[in-house]
Amino acid sequence: MADTKYTIVGMSSSGKTCFLTAMYMRMATGVDGFTLWTTEDTRRKYERDILALRKGEAGLDRFPAATPNAENATKLYEFRLIYDTKDIISFDVIDYAGGALLDGGPVYCQLKLSMEESTAMFIFIDGASLCDEDRTARKENVYYDCAMSVTPMIQDFADSHNGQLPPIVFVVTKSDLCKAYIKDETELVQIIRDLFSPAFSEGSVSYICAVSLGDSISDDGYKGRFSPVNIHIPLFLGSFHEYYNRCLAFKEKIETANQNLDMQRNRKMAEVEKEKQKWPIFRSKKLIDQCIESAKNSAKSLHSNQELLAATQALYTRFGAQLEMESKNFKSFINGVEQPAFKPPRL
């Protein structure tokens, strides 16, 4: 069973299925030591789709088909994020048809339930919606193509979780197309802040990341080179926060266990000293030896716990450092306020 679940939300043809395929391709062999594992069946599917994406001569036919809007077409993918062969986190991602957001049928109900159980939310904004010469039209397109359906779902989640939201990553797809129209990144930030306002409320953590299957992939009738850009970052962001929460819980558990072990060790050593105060004729060597052995075992457990905690903290630090290094490629917001750069919270 996976540690957690992520939900990807977006309208039809916004690029969710292509994103998952390209994300796996980028992570399968590693990004600075971080790799992504999936089941053999999923791996084989992605490998076939990736090879098709590399066939530029096929044009639009190279892209994976969109997920059909049917209950039996909804796909669950299992992943494990790994660093240097050590598991960081396992998670499930469910790929829904974008059309489910509009029809309110069984798939929509599945999507709502998945969102309720998710510890990170990925909202896909189709970069094609931003491909308009008119600035007002660009914002209107995002409203009608995505925000009109998705923003109420964000509010629904907050309503059912005492006003709390999970980390939300806005994934702007097809950046190779919209970069010709969005000349100023502040415009993109303002559009998303205005149209998805609950995600930038007090207590929120949110991100904006533009991704692409390749800077030139749309050239010559979509016969350009398949070379994904920033495709791994959204996954890193969502997984980092879940790992942070797990590290906090683990640290608290270890510290509580260590306090108990320390008290147990001190208690046993006090028993030894008490026994040694007795006249030799009444002194129990067996009790003294048992207490000393128990104190030694407590000390060993303390040392083992400290090593385990140090290893966990080291992995957390490495994970955070990776995002710090790549923070120029995404925008970070805490309580709705844009941050100068990504900074991992201290454990």
Side-chain angles (χ1 to χ4, degrees), residues 7-19 66 96-104 108 111 115 120-159 165-213 215 217-218 222 229-231 233-234 237-238 327-340:
T7 300
I8 56 175
V9 182
M11 302 304 288
S12 183
S13 300
S14 60
K16 301 185 299 298
T17 302
C18 285
F19 167 82
Y96 294 96
L101 292 175
L102 296 176
D103 72 3
Y108 176 78
L111 173 57
M115 286 181 67
M121 197 182 300
F122 299 85
I123 296 174
F124 280 66
I125 298 172
D126 191 341
S129 300
L130 297 162
C131 296
D132 196 297
E133 295 291 349
D134 183 82
R135 186 185 182 106
T136 301
R138 291 195 286 269
K139 185 173 181 178
E140 289 178 348
N141 291 343
V142 175
Y143 175 86
Y144 291 112
D145 294 348
C146 184
M148 180 176 67
S149 299
V150 172
T151 300
M153 298 178 75
I154 299 174
Q155 186 60 51
D156 286 346
F157 187 103
D159 290 344
L165 290 169
I168 296 178
V169 184
F170 291 93
V171 184
V172 182
T173 61
K174 307 172 190 176
S175 63
D176 53 296
L177 293 178
C178 63
K179 68 182 180 182
Y181 301 89
I182 299 287
K183 305 296 186 181
D184 182 358
E185 64 186 29
T186 59
E187 179 193 350
L188 178 61
V189 169
Q190 196 59 51
I191 287 174
I192 295 175
R193 287 176 64 102
D194 288 349
L195 299 182
F196 302 89
S197 55
F200 298 90
S201 57
E202 187 69 25
S204 67
V205 175
S206 47
Y207 301 94
I208 299 173
C209 182
V211 303
S212 170
L213 298 183
D215 278 335
I217 196 164
S218 58
Y222 287 90
V229 178
N230 295 341
I231 209 77
I233 292 176
L237 290 168
S327 63
K328 65 182 182 297
N329 296 316
F330 60 89
K331 296 288 186 181
S332 307
F333 302 83
I334 298 175
N335 299 322
V337 178
E338 183 174 345
Q339 304 300 298

Problem set entry | Min side-chain heavy-atom separation Ser206-Val169 under 4.5 Å | no

Problem set entry | Residue that, paired with Tyr181, satisfies side-chain contact (heavy atoms from CB on, under 4.5 Å) out of Glu133, Arg135, Glu187 | Glu133

For this session: Look at the side chain of Asp132 and the backbone N and O of Ala137, then say whether any donor-acceptor pair between them is shorter than 3.5 Å.
Result: no

Exercise. Do the side chains of Leu130 and Ile191 get nearer than 4.5 Å, heavy atoms only?
Worked result: yes

Problem set entry | Minimum heavy-atom distance between Ala120 and Gly238, given as atom pair plus value | CB-CA, 4.0 Å

Exercise. Which value, rounded to the nearest 0.5 Å, describes the distance between Lys331 atom NZ and Arg193 atom CZ?
Worked result: 11.5 Å

Seminar exercise, completed: Nearest heavy-atom contact between Met11 and Cys146 is CG-CA, 3.9 Å

For this session: Taking all non-hydrogen atoms of both residues into account, name the closest pair between Val172 and Gly127 and its distance.
Result: CG1-CA, 4.4 Å

Exercise. Taking the side chain from Asn335 and the backbone from Val337, do they hold a donor-acceptor pair closer than 3.5 Å?
Worked result: no

Seminar exercise, completed: d(Met148 CE, Tyr143 OH) to nearest 0.5 Å is 6.5 Å

Problem set entry | Beyond-backbone contact of Val211 with Pro234, side-chain heavy atoms, under 4.5 angstrom | yes

Exercise. Between Ile208 and Glu185, is any pair of side-chain heavy atoms under 4.5 Å apart?
Worked result: no

For this session: Supply the atom-to-atom distance Phe19 CZ to Thr173 OG1, rounded to the nearest 0.5 angstrom.
Result: 10.0 Å

Problem set entry | Minimal non-hydrogen separation, Ile231 against Ser212, with atom names | CD1-O, 4.1 Å

Problem set entry | Ring-ring centroid check Phe196 Phe170, cutoff 6.0 Å | yes

Problem set entry | Modelled atom types, side-chain donor and acceptor of Ser129 and Asp145, under 3.5 Å | yes

Exercise. Only one of Phe124, Phe330, Tyr207 clears side-chain contact (heavy atoms from CB on, under 4.5 Å) with Val171; which?
Worked result: Phe124

For this session: Show your reasoning for whether side chain to side chain contact (heavy atoms under 4.5 Å, CB included) applies to Lys179 and Asp215.
Result: CA-CA 10 Å; Lys179 68 182 180 182; Asp215 278 335; 3.6 Å; yes

Problem set entry | Cys18/Leu213 under side chain to side chain contact (heavy atoms under 4.5 Å, CB included): CA gap, chis, key distance, verdict | CA-CA 8 Å; Cys18 285; Leu213 298 183; 4.0 Å; yes

Exercise. Roughly how far, to the nearest 0.5 Å, is the CE atom of Met121 from the CZ atom of Phe157?
Worked result: 5.0 Å

Exercise. Between the side chain of Lys16 and the main-chain N/O of Gly10, is any donor-acceptor distance below 3.5 Å?
Worked result: yes

Exercise. Below 4.5 Å, heavy atoms only, C-beta onward: do Pro198 and Thr151 meet side chain to side chain?
Worked result: yes

Problem set entry | Sole candidate of Leu188, Leu195, Val189 that passes side-chain contact (heavy atoms from CB on, under 4.5 Å) when paired with Ile192 | Leu188

Seminar exercise, completed: dist Gln190:CD -> Asp184:CG (nearest 0.5 Å) comes out at 10.5 Å

Seminar exercise, completed: Tested for side-chain contact (heavy atoms from CB on, under 4.5 Å) against Ile154, the lone hit among Asp159, Leu165, Val9 is Leu165

Problem set entry | Modelled atom types, side-chain donor and acceptor of Asp126 and Ser14, under 3.5 Å | no

For this session: Kindly say whether Ser201 contributes a backbone atom to a donor-acceptor pair with the side chain of Ser204 at under 3.5 angstrom?
Result: yes

Problem set entry | From Leu237 atom CG to Ser332 atom OG, the distance as rounded to the nearest 0.5 Å | 7.0 Å

